[in-house]
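To start, the structure itself, in structure tokens.
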Amino acid sequence: MGRSPCCEKAHTNKGAWTKEEDDRLIAYIKANGEGCWRSLPKAAGLLRCGKSCRLRWINYLRPDLKRGNFSQEEDDLIIKLHSLLGNKWSLIAGRLPGRTDNEIKNYWNTHIRRKLLQRGIDPSTHRPMRTRAEEKCPDLNLELRMSPPRHLDARSPPQEKCLDCRLGSHGDGGGKDCR
DNA sequence: AAAGGGCTCAACCGCAAGGAC
DNA sequence: GGTCCTTGCGGTTGAGCCCTT
């Protein structure tokens with residue numbers, strides 16, 4: 001049988017949102033707040049599925065969105081966060097007030113990724129890319145451990161700092177550990 | 001001015017997580 | 001504990017814009 005569709009597709013609009021749809025969604029959320037996305041379209045008189053409404057609100061209509069170009073600081077922070085978190089766009093977005101995961105994901109794929117490649121840095125590993133010679137003769141001395149060697153080496157204590165510590169972004173100014 | 005190729009970004013899709021029953 | 005339902009996330013797509021020829 002498979003999954004039931006998230007909405008009655010035959011009766012929903014798809015594609016770009018109209019001004020009227022935006023207005024309806026904004027008016028409804030202002031009056032009732034963000035709530036049950038599944039029932040929202042019907043209640044708001046929209047021929048959209050709940051997912052689509054949620055996405056439109058979060059990525060485009062929310063009043064606290066910043067929009068516009070990314071600053072150099074935001075740029076650097078995204079790179080830093082991506083090196084720590086990987087493609088966890090929602091977590092990265094959580095650290096950038098007024099930015100959405102979709103926006104950051106797009107910005108990464110269109111701008112930052114290319115910038116890193118131009119600098120010879122692999123965007124997925126954040127390490128210098130291998131040369132052609134290295135590509136041809138891969139290092140066979142592979143590291144086969146599946147997880148980082150935690151607590152095995154008493155000389156190098158495990159990394160248990162919180163993300164703010166690792167980023168050096170604690171608001172208290174001194175780069176203090178919060179452990 | 002027109003064509004076409006590249007780029008951007010809003011929106012969609014499928015899946016997984018988590019809560020309710 | 002199992003199933004269903006809803007939400008949230010990440011990857012991908014495609015329409016429209018921009019730039020180059």
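Below, chains carry the letters A, B, ... as their sequence lines are ordered, and counting in each starts from 1. No hydrogens, no waters, no symmetry mates; every other heavy atom, side chains included, goes into these values.
Closest to the side chain of A/Arg54, from the set B/dC12, C/dT6, C/dC9, is C/dC9. In the set C/dG10, B/dC15, C/dT7, the nucleotide with an atom closest to the side chain of A/Lys51 is B/dC15. Side-chain proximity of A/Asn109 to C/dT12, C/dT7, B/dC7: nearest is C/dT12. Looking at the side chain of A/Trp37, the nearest of the listed nucleotides C/dT7, B/dC9, C/dG10 is C/dT7. Minimum atom distance to the side chain of A/Arg38 is reached by C/dT6, of the listed C/dT6, C/dG11, B/dT8. Between C/dT6, C/dG11, B/dA11, one nucleotide has an atom nearer to the side chain of A/Cys36 than all others, and that is C/dT6. Comparing C/dC9, B/dC13, C/dG11 by their closest approach to the side chain of A/Lys14 singles out B/dC13. Taking the side chain of A/Lys88 as heavy atoms from C-beta on, and the options C/dG10, B/dC12, C/dT6, the nearest nucleotide is C/dG10. Here the nucleotide nearest the side chain of A/Asn102, chosen from B/dA11, C/dG10, C/dT7, is B/dA11.
Here A/Arg56 does not reach the OP1 or OP2 of B/dC12: none of its side-chain N or O atoms lies under 4.0 Å away. The phosphate of C/dC9 (OP1 or OP2) has a side-chain N or O of A/Ser90 nearer than 4.0 angstrom. Phosphate contact (OP1/OP2 of C/dG8, side-chain N/O of A/Trp89, threshold under 4.0 Å): absent.
Separating the CZ atom of A/Arg99 from the C1' atom of B/dA10 is a distance of 16 Å, rounded to the nearest angstrom. Spacing between atom CH2 of A/Trp57 and atom P of B/dA11 amounts to 14 Å, rounded to whole angstrom units. Taking atom CG on A/Leu55 and atom C1' on B/dG14, their separation rounds to 14 Å, with Å as the unit. One interatomic measurement links the two molecules: CZ of A/Arg62 to P of B/dA11, which rounds to 15 Å at whole-angstrom precision. We find that CD of A/Glu103 is positioned 15 Å from P of C/dC9, with the value rounded to whole Å. Distance CG (A/Leu25) to C1' (B/dA10): 15 Å, rounded to an integer number of Å. We find that NE2 of A/His111 is positioned 9 Å from C1' of B/dC7, with the value rounded to whole Å. In this structure, the CZ atom of A/Arg48 is 14 Å from the P atom of B/dA10, given to the nearest Å.
The aromatic rings of A/Trp108 and A/His126 sit tilted, their planes meeting at an angle between 30° and 60°.
Of the residues in residues 26-34 of chain A, not one places a heavy atom less than 4.0 Å from an atom of DNA chain B.
A/Lys105 comes within 4.0 angstrom of a base, heavy atoms only. Using a 4.0 Å heavy-atom criterion, one finds that A/Asn106 contacts the bases of the nucleic acid, with or without backbone contacts as well.
A donor N or O paired with an acceptor N or O is not found under 3.5 Å between the base of B/dA11 and the side-chain atoms of A/Asn59.
Among residue pairs with one or both ends in residues 108-124 of chain A, those qualifying as salt bridge (Lys or Arg N to Asp or Glu O under 4.0 Å) are A/Asp75-A/Lys115; sequence neighbours excluded.
Minimum interatomic distance between A/Pro41 and A/Gly50 (heavy atoms only, all atoms of both residues): CG-N, 3.6 Å.
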- Task: Mind running side-chain contact (heavy atoms from CB on, under 4.5 Å) on A/Trp89 and A/Thr100 for me, showing each step along the way?
- Result: CA-CA 8 Å; A/Trp89 305 115; A/Thr100 69; over 6 Å; no
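Using a 4.5 Å heavy-atom threshold, the side chains of A/Arg48 and A/Trp17 count as touching.
Residues A/Trp57 and A/Leu47 do not share a hydrophobic cluster, defined by chaining ILVMFWY side chains whose heavy atoms lie under 4.5 Å apart.
Distance check: A/Arg54 CZ to A/Cys49 SG gives 11.0 Å after rounding to the nearest 0.5 Å. Here the CZ-NZ distance, from A/Arg95 to A/Lys80, works out to 12.0 Å after rounding to the nearest 0.5 Å.
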